[in-house]
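Step one of this worksheet: look at the structure below.
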Amino acid sequence: MESVLALGGLVLLRDSVEWEGRSLLKALVKKSALCGEQVHILGCEVSEDEFREGFDSSINSRLIYHDLFRDPLSWSQTGEALPGGPLGALQAMCRTDPGPFTIALDSLSWLLLHLPCTAVCQELCALSHQHSRPGGSCPAEPVRVLGLLHEELHGPGPLGALSSLAQTEVTLSGAMGQASAHILLRRPRQRPAHQTQWFSIRPDFSLDLQGGPLLESQPHPDPHTPPVDPTAHVTFNLHLSKKEKEAKDSLTLPFQFSSEKQQVLLRPRPGQATSHIFYEPDAYDDLDQEDPDDDLDV
Amino acid sequence: MFPELNNLLNITPDRAEQGKLTLLCDAKTDGSFLVHHFLSFYLKANCKVCFVALIQSFSHYNIVGQKLGVSLTAARECGQLVFLEGLKSSVDVFFRAQAEPHPLQFLREADAGNLQPLYEFVREALKPVDDGQAAWRCPVLLVDDLSVLLSLGLGAVAVLDFIHYCRVAVCWERKGNIVALAHDSGDGEDKENDILLNGLSHQSHLILRAEGLATGFCRDVHGQLRILWRTPSQPTAQRDGSLTYQYKIQDKSVSFFAKGMSPAVL
């Protein structure tokens, strides 16, 4: 789970109705905040109080909540709507914050349902890949974008588009009341690495990792482990010495047919000089004199 | 109100949770008994109830309510219940001046846009009043049902937005509750309905899913109820919070029992 925040770029948290991902999002937000980063939250689905619930004051002071929950479509006319809409708010975050920071999108699903997929993807791409100031004075700071995505709400098109943008994908599932995260890491110039981690989240939103570190899934070996020689511990001999090879070549195998073998087989054995076949028809045998194949036009 | 269901959910009219969205969902069966349960529950809990009833008439709900020990007529007269009768007022939309706002205004619009008028109606109905009358406990919005809005030409996102705004106004601002029913076609062919159902599920704190039996109709077991708690504030305590019971609907109550434990087969 440490690796989720290691790469930067877009981190997709794919959750489902049974296995909700907001707790994990909050756990990752807490982790980023503990590293001393500012965390901007674009909150579309829960209120600010609900999102901040469970964090202590030191964490809360590092969170900046951009409230899209109260009036996302400007129905209330109270002037509480974010100027420029959600994407405008995202761009504004980048302009205002100088240091390294994290953006948490709660949730990407809401954005995808209300905005064209292309606009969302372009914005995410601009955020996570080139975060350079218009002035160009300071070097590009790393921006990490944590996007919560409710998988069931979207078709394969938007899911595929987001997945190709993401550096890290965390898919939540679980069994027997225990949550697990399947993590896909796309490091630059390396093969994607897959990990599975069982975890639970404590009431203060710290992560409790369970079991062994990582369960490597079979079809995707980690590119870092040195290749193991499969011939090292076999129970049979793969290489023959010269002597062994000669002995092997001189051996006649049981299925090889030779003229001597033929003679042995054809020579009548003493006990089997003459043999007769005795046949006594059964009382019920139907002996038909006619040729049974008579009707065939052969 | 069915006491057995209250026991399963660990609630009573005296101590109902606040600020929660409960999704009722039915698949291959009729889940309206859950609507009747929550209607009578919140009326008995002395809550101010706004009931958006798009499926049945007022008298239908009233008759069932009487069996469960509440009078909708009395509740409406004393101001506890605000009843939007969709079947009747949908006709009114066409016989009134266009300028007047109507909760079901979308029926008259060529391109069904959004449910803002309905939201304004709910907001107005549940607005706290200080006129010296009996003070109601938390406000409650009840919708029967949301799937029919899709059939009336709205998109799933429009319905989700409506519920979102109701959550802001009812659950968040006034610490009330929302209970809404939606159907699950179950075959995955109705994409809009699937988006609606999954979107609602992600917003809700508690999901009650009534399902018909996979083995077909049975006289003594009418279906099964799956209870799923989705409370993020208790991530581990109730992680195993999915329970399944079978039920039998009787004349005035519903009995629940563990799977395969129907009194008829034991």
Side-chain angles (χ1 to χ4, degrees), chain A residues 15-27 44-54 67-78 80 106-107 109-110 112-115 148-155 174-179 199-208 210, chain B residues 19-21 23 25 113-120 122-123 155-169 171-173 175 184 188 191-192 194-207 209 226 228-243:
Chain A
D15 75 345
S16 61
V17 174
E18 271 86 8
W19 299 99
E20 60 89 24
R22 187 162 293 116
S23 319
L24 181 60
L25 177 72
K26 286 174 77 169
C44 316
E45 291 192 349
V46 294
S47 62
E48 182 169 357
D49 335 340
E50 196 177 334
F51 195 90
R52 287 182 184 269
E53 198 181 309
D67 197 336
L68 207 64
F69 169 75
R70 273 191 284 177
D71 194 9
L73 306 174
S74 308
W75 284 8
S76 301
Q77 309 287 348
T78 51
E80 285 167 345
D106 182 15
S107 69
S109 291
W110 192 94
L112 280 179
L113 287 179
H114 291 84
L115 297 165
L148 179 63
L149 188 69
H150 308 314
E151 274 197 301
E152 303 103 327
L153 296 183
H154 310 287
M176 312 281 286
Q178 174 71 53
F199 70 97
S200 62
I201 291 166
R202 299 199 191 97
D204 66 342
F205 292 100
S206 53
L207 271 172
D208 184 11
Q210 278 153 21
Chain B
K20 303 290 179 200
L21 167 61
L23 173 66
C25 162
N114 60 42
L115 285 168
Q116 190 177 356
L118 186 59
Y119 158 70
E120 305 283 357
V122 170
R123 192 182 164 81
V157 177
V159 183
L160 288 174
D161 286 339
F162 165 67
I163 288 294
H164 178 105
Y165 267 91
C166 289
R167 270 174 63 214
V168 175
C171 297
W172 181 67
E173 281 177 12
K175 300 285 173 264
D184 182 3
K191 290 274 180 289
E192 282 289 300
D194 288 351
I195 292 177
L196 173 65
L197 203 60
N198 287 320
L200 287 171
S201 302
H202 276 284
Q203 292 187 24
S204 51
H205 300 92
L206 170 66
I207 303 172
R209 185 182 159 89
R226 268 190 67 203
L228 181 67
W229 277 280
R230 297 184 78 253
T231 314
S233 56
Q234 306 164 335
T236 47
Q238 289 191 332
R239 216 36 175 129
D240 217 2
S242 167
L243 299 168

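For the numbers below, each heavy atom of this structure counts, side chains included, while hydrogens, waters and symmetry mates do not. Chain letters run A, B, ... following the sequence lines, proteins first and then strands; every chain starts at 1.
With rounding to the nearest 0.5 angstrom, the OG atom of Ser201(B) is 10.5 Å from the NE2 atom of His150(A). Within the model, atoms CD of Glu50(A) and CH2 of Trp172(B) stand 11.0 Å from one another, a figure rounded to the nearest 0.5 Å. Within the model, atoms CG of Asn198(B) and CD of Glu151(A) stand 11.0 Å from one another, a figure rounded to the nearest 0.5 Å.
Judged purely by atom type and a 3.5 angstrom limit, Gln116(B) uses its side chain to pair as donor or acceptor with the backbone of Trp75(A). A donor-acceptor pair is defined here as one N or O able to donate and one able to accept, closer than 3.5 Å; such a pair exists between the side chain of His164(B) and the backbone of Phe69(A).
Residue Glu173(B) does not touch chain A at all, counting heavy-atom pairs closer than 4.5 Å. At a 4.5 Å heavy-atom cutoff, the contact between Ser16(A) and chain B is made by backbone atoms alone. For a residue to count as touching a neighbouring chain, one of its non-hydrogen atoms must lie under 4.5 Å from one of that chain's; by this rule Ile207(B) touches chain A with the side chain only. When heavy atoms are compared at a cutoff of 4.5 Å, Asp208(A) does not approach chain B at all. Interface remark: Glu152(A) contributes backbone and side-chain atoms alike to the contact with chain B (heavy atom separation under 4.5 Å).
Salt bridge status for Glu18(A) with Arg226(B): present, with a side-chain N to carboxylate O gap under 4.0 Å.
With sequence neighbours excluded, the residues that form a side chain to side chain contact (heavy atoms under 4.5 Å, CB included) with Leu68(A) are Cys44(A), Pro72(A), Leu82(A), Pro86(A), Trp110(A). Every residue two or more places apart in sequence or in another chain that forms a side chain to side chain contact (heavy atoms under 4.5 Å, CB included) with Cys171(B) is listed here: Arg167(B), Ile178(B).
Closest approach of Tyr165(B) to Ser74(A), counting heavy atoms only: OH-N, 3.3 Å. Nearest heavy atom pair, residue Leu160(B) against residue Leu113(A), reads CD1-CD1, 4.1 Å. The shortest non-hydrogen separation linking Asp161(B) to His114(A) is OD1-NE2, 2.6 Å. For the pair His202(B) and Asp15(A), the tightest heavy-atom approach, listed with the atom from each and the gap, is CE1-OD1, 3.6 Å. When every heavy atom of Leu153(A) is checked against every heavy atom of Gly199(B), the shortest pair comes out as CD2-N, 3.2 Å.
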side-chain contact (heavy atoms from CB on, under 4.5 Å) evaluation trace for Leu73(A) with Asn114(B): CA-CA 10 Å; Leu73(A) 306 174; Asn114(B) 60 42; over 6 Å; no
